[in-house]
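We use all heavy atoms of the structure for the numbers below, so side chains are in, but hydrogens, waters and symmetry mates are not. Since the structure is predicted, the reported quantities are computational estimates derived from the model, not experimental observations. Note on naming: letters A, B, ... go to the chains in the order of the sequence lines (proteins, then strands), and numbering restarts at 1 for each one.
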Amino acid sequence: MSRLTSGGQIDRTQPLRFSFDGKSLAGFKGDTLASALLANDIRLVGRSFKYHRPRGILSAGSEEPNALMQLGQGDQTTPNVRATTQELYDGLIAASQNRFPSLAFDLLSVNDLMAPFFGAGFYYKTFMWPKSFWEKVYEPFIRRAAGLGRLSGKADRALYDKAFAHCDLLVIGGGPAGLMAALTAARGGLDVILADEDFAFGGRLNSETVEIAGQPGAGWAAQVVTELAGMANVRLMPRTTVTGAYDGGTYAALQRVSHHLADPADHLPLETFWRIAARRTILAGGAIERPIAFANNDRPGVMMASAVRSYANRFAVLPGQKISLFTNNDDGHRTALDLLRLGADIAAVVDTRGDVAAMGDYPLITGGQVTGTSGRLGLKSITVSSASGRLKVATDCLAVSGGWNPSVHLTCHMNGRPVWREDIAAFVPADNAIPGMRVAGAANGDFSTHAALSAGAAAAAEALGDLGKPAPATVFPAAEDAPIQLEPFWHFTGSKGRAWLDLQNDVTTKDVALAHRENFRSVEHMKRYTTLGMATDQGKTSNVGGLAVMADLTQRSIPETGTTTFRPPYSPVALGALGAHGAGKDFAPSRFLPSDALARELGAHFIEMGVWYRPSLFPQSGETHWRQTCDREMRMVRSAVGITDITPFGKIDVQGADAAVLLDLVYANTMSSLKQGRVRYGVMLREDGMALDDGTCARLGEDHFVLTTTAGAASDVFAHLEFCTQVLRPELDVQFFSVTDQWAQFSIAGPRSRELVSGLCDEDISNERIPYMACAEVTIGGIGCRLFRISFSGEQSYEIAIPARYGEALARELGQRAAALGGGWYGLEALNALRIEKGYLTHAEMTGQYTADALGIGGMVSAKKDCIGKVLSQRSALVGPGKMELIGLKPVSPLKQFSGGAFLFSQGARQVLGNEEGHVTSHCYSPSLDHVIAMAFLRDGRSRLGEHIIMKDNARGIEAVCEVCPMVHVDPDGERLRG
Amino acid sequence: MRIDCPNCGSRDRREFQYLGAAVLMDRPAPDAGEQAFVEYVYFRENPAGAHRELWLHEMGCRSWIVAERNMGTHEFASTRLAADVKRGAK
Ligand SMILES: [Zn+2]
């Protein structure tokens with residue numbers, strides 16, 4: 001056991017059981033999965049992406065490239081969980097990834113021997129030939145060999161949530177700078193959100209032995225957190241990663257709500273995706289230690305020095321029995337001191353710098369370099385070169401410190417380019433990279449604890465000033481202020497072995513050299529050619545190293561070579577969280593008809609039309625095919641009476657002295673001349689001249705109109721009216737409101753419709769009083785209703801609108817009365833086929849690509865007045881010969897069905913794209929005619945009536961000879977309408 | 001992104017619908033001719049800087065808003081109700 005008997009921030013009174021690759025293990029509350037694995041002496045935790053090299057834990061944070069695990073079991077597993085950030089809980093089940101059959105014996109590690117074939121760009125070179133091999137051989141092989149965790153293939157049953165938060169100040173990162181900033185701002189009266197990806201606030205203070213105000217740093221952090229937790233103006237968000245910075249002070253954040261709970265309550269989401277709107281922001285995200293590249297630097301046991309200190313100080317785990325260090329700065333030495341204090345055995349400290357002295361009692365090799373390692377499944381020894389020659393040192397853990405890279409990631413999200421700071425050999429954020437954001441502490445290159453605390457306090461004071469509040473008098477705690485002592489050293493070039501830069505994507509210094517040889521020298525090209533930095537860790541530990549190697553090869557400085565840039569998200573976000581409340585029934589609202597319950601009682605089949613659930617068919621017993629039902633319902637309408645719920649049609653109530661002026665502007669035809677008590681069919685155009693929508697306009701009073709729109713265009717038409725009245729003509733005295741939901745509306749159509757409706761209304765509705773295209777206010781059972789004599793079926797027809805709360809009652813009454821007259825309900829299938837028989841338009845024709853003229857209603861565009869779209873509808877390019885025109889089609893020889901979207905070709909023309917002369921829009925079987933019919937756009941169609949043309953659908957393999965005919969197939973003179 | 005609605009205050013961009021340049025406020029006279037309408041409907045500047053444009057506070061008060069936004073930085077310099085702007089122009 002590598003667990004120390006005392007110390008650390010684990011709770012030894014709360015032991016936890018967990019399993020890794022089926023083996024039951026023990027840890028404590030306060031552990032991460034990584035620290036618990038190390039405490040159980042497990043160092044081999046995964047296989048690498050491409051070469052299947054044995055890998056161990058590198059880091060102690062979210063930058064981890066190696067220790068990715070599959071968590072859970074069965075169909076609810078989560079792949080690619082970083083063991084270094086996963087809190088341990090009782091019963092946690094983890095499995096290693098990308099190995100077959102087992103972690104210690106992986107057959108695909110043969111890839112490592114074939115490494116020469118898998119270098120940079122191998123995708124582009126190796127798998128080029130023969131073409132047929134790609135799908136059957138290469139791709140399955142790559143998919144099997146490469147990759148990370150596996151998805152279960154089952155739906156994710158976990159609950160995800162999304163939420164908004166608002167604050168004066170968002171503090172990102174809860175280390176010394178962030179805590180000091182949050183404390184200063186909160187005491188100054190700002191609404192503060194403090195977010196940290198860790199489950200414990202404190203940042204590096206939890207992992208270091210530094211003191212603040214005379215007490216251990218972790219203790220000071222806990223004290224600050226206690227004060228913040230007690231303040232009403234502070235929201236503490238642990239386990240929350242701010243993943244992106246966006247315009248206007250908006251930040252995305254992922255909160256892991258129940259990943260750490262053994263038995264989370266049912267109502268708890270797994271994760272919540274936050275959008276935080278902050279007036280000011282302080283980024284105090286710290287820095288990430290960077291590795292040094294040398295041969296075989298990827299063995300389990302090679303770790304970051306800061307991670308070794310985290311495991312030792314915070315988790316009370318010694319990651320090795322005999323630990324060595326490789327460093328180019330003082331941090332390596334501090335690590336040795338911490339380890340010595342905990343009783344560890346230090347094999348050697350190798351410092352690349354020549355003139356340094358040991359800070360304690362450990363063997364030091366100055367001016368030295370680690371040039372190689374050995375140990376197949378775990379580190380056994382390192383080779384060290386120095387002025388005094390080559391030396392082999394036995395060690396099972398090598399802690400590496402190549403300096404620190406400030407976490408500039410979020411400052412790049414709005415195109416900010418980090419700038420190079422020579423003194424710390426690192427990129428720091430550009431000034432004002434994100435409006436409203438200040439950067440403090442290690443994220444800004446201020447690495448000492450003192451510098452972090454003072455930068456945090458100063459940034460908060462500035463934010464307070466911005467928002468008009470004085471900074472509080474804060475007693476500033478004393479802390480270490482050690483200067484950074486670093487001599488850049490990036491990679492050892494002298495040995496033959498592969499030296500890894502990007503551990504997650506298996507990219508070595510040789511790959512960068514190959515990219516250089518093949519002239520992919522720009523950083524962006526090198527990145528894509530080698531895939532360096534393109535894995536799920538976005539190269540947090542490798543990007544700057546890769547730049548340094550390319551800089552050496554091109555004999556330029558690092559800033560001349562390029563900068564690193566990062567895009568959201570900072571760390572991976574599950575699609576489930578991004579799509580919270582956007583899947584299944586949450587994808588769109590569901591709207592139900594007033595007659596919904598009745599239709600379900602009647603056994604109707606439903607379809608979704610936009611957001612509405614509408615009955616498509618009302619099958620009766622014995623009907624086995626949808627066409628039987630549809631045909632019966634159509635015959636019923638044409639011979640007796642049919643009822644259908646048309647509530648989804650948009651209804652807009654327009655009132656005001658200038659109502660008619662507005663309607664004349666938006667309708668192509670004239671509405672101001674419409675008499676009270678009358679209805680007119682109208683068409684609206686867009687300003688570009690194309691038809692926007694059609695519908696009816698009823699004049700209920702001098703200043704009062706009710707418009708209907710098609711169901712799908714209701715919101716577009718409403719927004720169009722708002723545009724016209726607010727943006728174009730605000731002086732008009734007119735108001736309008738959508739009353740779609742306020743009125744239930746039913747169509748009663750068929751030769752017996754008047755019989756039905758007159759029995760229902762208290763008023764006389766004779767043909768003389770309510771002729772075709774009339775409207776009136778009527779009472780039904782004492783309820784004020786609106787009656788419209790309009791038709792979408794070509795039959796004598798009425799529409800009754802009743803306040804929605806009476807809709808269901810009226811529906812039941814209508815159904816019973818219709819049944820008594822030999823009629824009943826009909827669905828959307830019949831409704832659609834009835835309108836096709838009459839050549840009425842829907843959005844299958846009114847797609848926004850055709851003018852009123854193309855649709856055969858060009859005569860409606862008034863010559864006497866202006867309207868939206870009038871001028872451009874008469875553009876030379878849209879009038880004259882050669883234009884599409886809507887026509888009817890009928891088959892010349894027996895045809896089972898037309899095909900929506902099928903092309904039309906002239907007889908004898910080559911049936912190739914470019915030769916097509918039109919296409920089918922709507923089609924159905926007509927029981928009245930006993931054959932199929934269609935509507936279609938055809939070039940110059942109206943002058944081609946009687947011509948035979950070819951309908952061709954290559955996708956469905958349908959070809960037929962058709963005759964071009966008028967669109968109206970039933971009752972062309974409209975006698976039934978008026979009867 | 002956040003947009004200041006003159007009626008509702010600072011709101012998330014998702015509540016708004018973008019239409020395009022505010023030149024759409026200046027519809028040509030009915031007899032201005034085809035070319036004037038072609039320019040009104042189709043021709044747009046694409047400045048790498050200040051831009052006047054129309055937004056609808058669709059999931060809010062449903063006001064059309066004239067915003068001045070920097071196309072390079074997405075910074076909003078001002079937002080006004082389109083109806084007020086139009087009335088003021090007369
Ligand atoms: Zn608003």
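- Heavy atoms of A/Arg686 lying under 4.5 Å from chain B are absent altogether.
- Contact of B/Asp12 with chain A is made through the side chain alone, with heavy-atom distances under 4.5 Å.
- Between chain A and the options B/Leu19, B/Val41, B/Leu54, heavy-atom pairs under 4.5 Å are most frequent for B/Val41.
- Contact annotation for residues 56-69 of chain B against chain A (heavy-atom separation below 4.5 Å, listed by residue number): B/Leu56, B/Arg62, B/Ser63, B/Trp64.
- Heavy-atom distances place the side chain of A/Phe164, and not its backbone, under 4.5 Å from chain B.
- Scanning all heavy atoms of the two residues, the minimum distance from B/Leu24 to A/Phe723 falls at O-CZ, 3.9 Å.
- B/His74 and A/Asp247 make their closest contact through CD2-OD2, 3.0 Å (heavy atoms, listed as atom of the first residue, atom of the second, distance).
- In this structure, chain A has a heavy atom under 4.5 Å from the side chain of B/Arg14, while its backbone stays farther away.
- Remark: A/Asp466 CG is packed, more than 12 non-hydrogen atoms of other residues, nucleotides or ligands lying under 6.0 Å away.
- Crowding of A/Phe737 atom CZ: a count of heavy atoms from other residues, nucleotides or ligands under 6.0 Å not exceeding 12.
- More than 12 non-hydrogen atoms from other residues, nucleotides or ligands lie less than 6.0 angstrom from CD of B/Glu34.
- Only the side chain of A/Val871 comes within less than 4.5 Å of a heavy atom in chain B; its backbone stays farther off.
- With values rounded to the nearest 0.5 angstrom, B/Arg2 atom CZ is found 11.5 Å from A/Arg275 atom CZ.
- Chosen from A/Glu722, A/Lys865, A/Lys870, the residue pairing most often with chain B at heavy-atom distances under 4.5 Å is A/Glu722.
- Summarising the local packing, CG of A/Asp586 is surrounded by more than 12 heavy atoms from other residues, nucleotides or ligands at distances under 6.0 Å.
- Contact detail for B/Arg27 and A/Gly869: the closest heavy-atom pair is NH2-N, 4.1 Å.
- Heavy atoms of other residues, nucleotides or ligands lying less than 6.0 angstrom from CD of B/Glu39 number more than 12.
- Counting heavy-atom pairs under 4.5 Å between each of A/Asp688, A/Leu872, A/Ile868 and chain B puts A/Leu872 at the top.
- Separating the CD atom in B/Gln35 from the CZ atom in A/Arg875 is a distance of 11.0 Å, to the nearest 0.5 Å.
- Highest contact tally toward chain A, considering only B/Pro28, B/Ala32, B/Ala82, B/Pro30, is held by B/Pro30 [criterion: heavy-atom pairs under 4.5 Å].
- In this structure, the portion of B/Tyr42 lying under 4.5 Å from any heavy atom of chain A is its side chain and not its backbone.
- In this structure, chain B has heavy atoms under 4.5 Å from both the backbone and the side chain of A/Ser876.
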